[in-house]
Amino acid sequence: MSLSQDDVKKVSLLARLLLTEEELTTMTGQMSDIVGYVEQLNELDTTGVEPMAHAVEQFNVFAADERAPSLSRDEALANAPKRDDECFRVPAVLGE
Amino acid sequence: MSLIHASAAQLLTQLESGEITSVELTKACLAQIDAADKQVGAFLKVMRDSALEQAESVDARRKKGEKLGRLAGVPVAIKDLLCTQGETTTCASKMLENFVPPYDATVIAKLKAADAVLIGKTNMDEFAMGGSTENSALGVTRNPWDLKCVPGGSSGGAAACLAASMAPLSIGTDTGGSIRQPASFCGVVGLKPTYGVVSRFGLIAFASSLDQIGPMARTAEDAAILLEAIAGYDPHDSTSANVKTPAYSQSVKQPLKGLRLGVVKEHFGEGLDSEVEQATREAIHVYKSLGATVSDVSLPHSKYGIAVYYIIAPSEASSNLARFDGAHYGHRTDEAAMLEQLAQERAALEAAGDEAGLAKLDTSLVRMYRQSRAEGFGPEVKRRIMLGTYTLSAGYYDAYYLKALKVRRLIRQDYDAAFKNVDLVIGPTAPTPSFAAGTKTDDPLSMYLGDLYTVTANLAGIGGISIPCGFSKSGLPIGLQLQGPPLAEERLLQAAHMFQTATDWHERRPELS
């Protein structure tokens, strides 16, 4: 299946990536190639095959409901691109 | 034998007997890094001061007769995607160029508890996505055997630093072959353990159902020693295997009697380089001479491995990498410039009376995310995020992702059937030896096909090891791959050690000027 540049543009918003026109063009070609390649899976009949999401059997692991030490506020904020004394700072979300 | 070429096993003996000190050894490794790493570029960061402090502390405690950890005083290099408290951990990405983790990954904590000397952080493909280390945004790594060639990837720095004798041990990670393929390209040993054997806590995730941390070394015995130090159940990783860690360092030297090897038919088909094929066939012959029985096995669905992998891995990556949004850590775009640009776009749309365009215009927060990610991620990472977002998006989930999960089970069933008749399967690690830098960067699909023999182990969750088994005429190393049933790491290591008792490929070293 071949992807259109418009498809790729839509995906770029879902993926929260801003692509230049040039990147969109390259990406459209490369994604079409790769999607075309993976479509060979359609030659296999997988009726009745249980999907395998994980390599090992997964069990629920419950943690004890106990208080334990966690990062201090300063440690948690240490890598913030922008912060004040208490919070991460981001551009305004409301009021646009 | 000089300190930098010695195995970790030899070094541990010499350290314990007092013949050498950790400071001498660490200084020797640092001197080799100074001499050779300008050409090789294995390290993103050399932890010179903290390594020497750690070495001094080990020597002092040894002098006092204190009980020390099992890697006491031996330098270990770390792939730069394991969180290391107080040390930048970059994933070779501009996104995390200045990220300083507030905690240690479990593997790092275990290495520290084992009194290893952490000597530095090694280069890799950005976020472990790639097979040549050319996708690193922060440095160039070359193959010590031929500086025009790539070291493989994504654990390219981890493999190159071993080949160039800069460290005796290193830690890699493997999502589709990222330990075994660079080991093969650089002529060293790399083990991808069964999924769950080593805790992934603190590993910056690429594809969580496939990622596994493993040991890299110059001998199978050293890989066993390192695996023993890092393996084990971890309550912080709910997917880690709750099994007792075997004494790999002890069992590795016991030869396997009556070893049954299965030659994977599908791994000797189209695309296999003739020199790699010849070296692999000769290696199989070595096993026969050591008493192994050899038969053919078939993994009929293995040819679909790359297709399955390039649906599942990008899907998981698109989800895992959603966290890098410039809000809490990592790169954030210049906000003032971003807001200015957005205002200009809005003004232009308003002037044109384009209501539809205005309705679609990003909010400033969304634009902050998109712009930060556009600047922070390199082309391969963007490509995989895009692919994964596409295959998981509405309307395509069943056609791609669900289909891939079903074929994944068929791949696992092939292995289960094969291991009813053989103890391990054997074949080449990669279809070719290393290649010249720059020759595959424009064609992602051809790069992806280099993972053909390795990805299926990740999809099935089983272990695999690459060991040196020869050289091409142009002097590039060739790797032999063994894969085993779940939790058969002891057997893999024993089989690898047996081979190394009968061959000397692993003892050769590149000549670096």
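None of these values were measured; they are calculated from a predicted model. Lettering of chains follows the sequences in order, A, B, ..., and the numbering in each one begins at 1.
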Which atoms of [X] approach chain A - backbone, side chain, both or neither, heavy atom under 4.5 Å:
X: B/Met368; result: side chain
X: B/Tyr103; result: neither
X: B/Asp237; result: neither
X: B/Leu387; result: both
X: B/Phe377; result: side chain
X: B/Leu487; result: neither
X: B/Arg383; result: both
X: B/Asp443; result: neither

Heavy-atom pair count under 4.5 Å with chain A, highest-scoring of [options]:
options: B/Gly461, B/Pro444, B/Ser372; answer: B/Pro444
options: B/Leu402, B/Asn458, B/Leu210, B/Val366; answer: B/Val366
options: B/Ala241, B/Ala307, B/Pro235; answer: B/Ala307
options: B/Met386, B/Arg370, B/Lys406; answer: B/Arg370
options: B/Ser393, B/Gly196, B/Ala460; answer: B/Ala460
options: B/Glu335, B/Gln371, B/Glu316; answer: B/Glu335

Please look at [X] and chain B and tell me whether the side chain, the backbone, both or neither of the residue comes under 4.5 angstrom of a heavy atom of that chain.
X: A/Leu71; result: side chain
X: A/Glu50; result: both
X: A/Ala80; result: both
X: A/Arg89; result: backbone
X: A/Val49; result: both
X: A/Lys82; result: both
X: A/Leu13; result: both

Tell me whether the centres of the aromatic rings in B/Tyr310 and B/Tyr448 are closer together than 6.0 Å.
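Under 6.0 Å, so yes.
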Which residues in residues 321-332 of chain B have any heavy atom closer than 4.5 Å to a heavy atom of chain A?
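B/Gly326, B/Ala327, B/His328, B/Tyr329, B/Gly330, B/Arg332 fall under the 4.5 Å cut-off.
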Return yes when atom CD of A/Glu43 has more than 12 non-hydrogen atoms of other residues, nucleotides or ligands closer than 6.0 Å, and no otherwise.
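Yes, because the 6.0 Å sphere around CD of A/Glu43 holds more than 12 heavy atoms from other groups.
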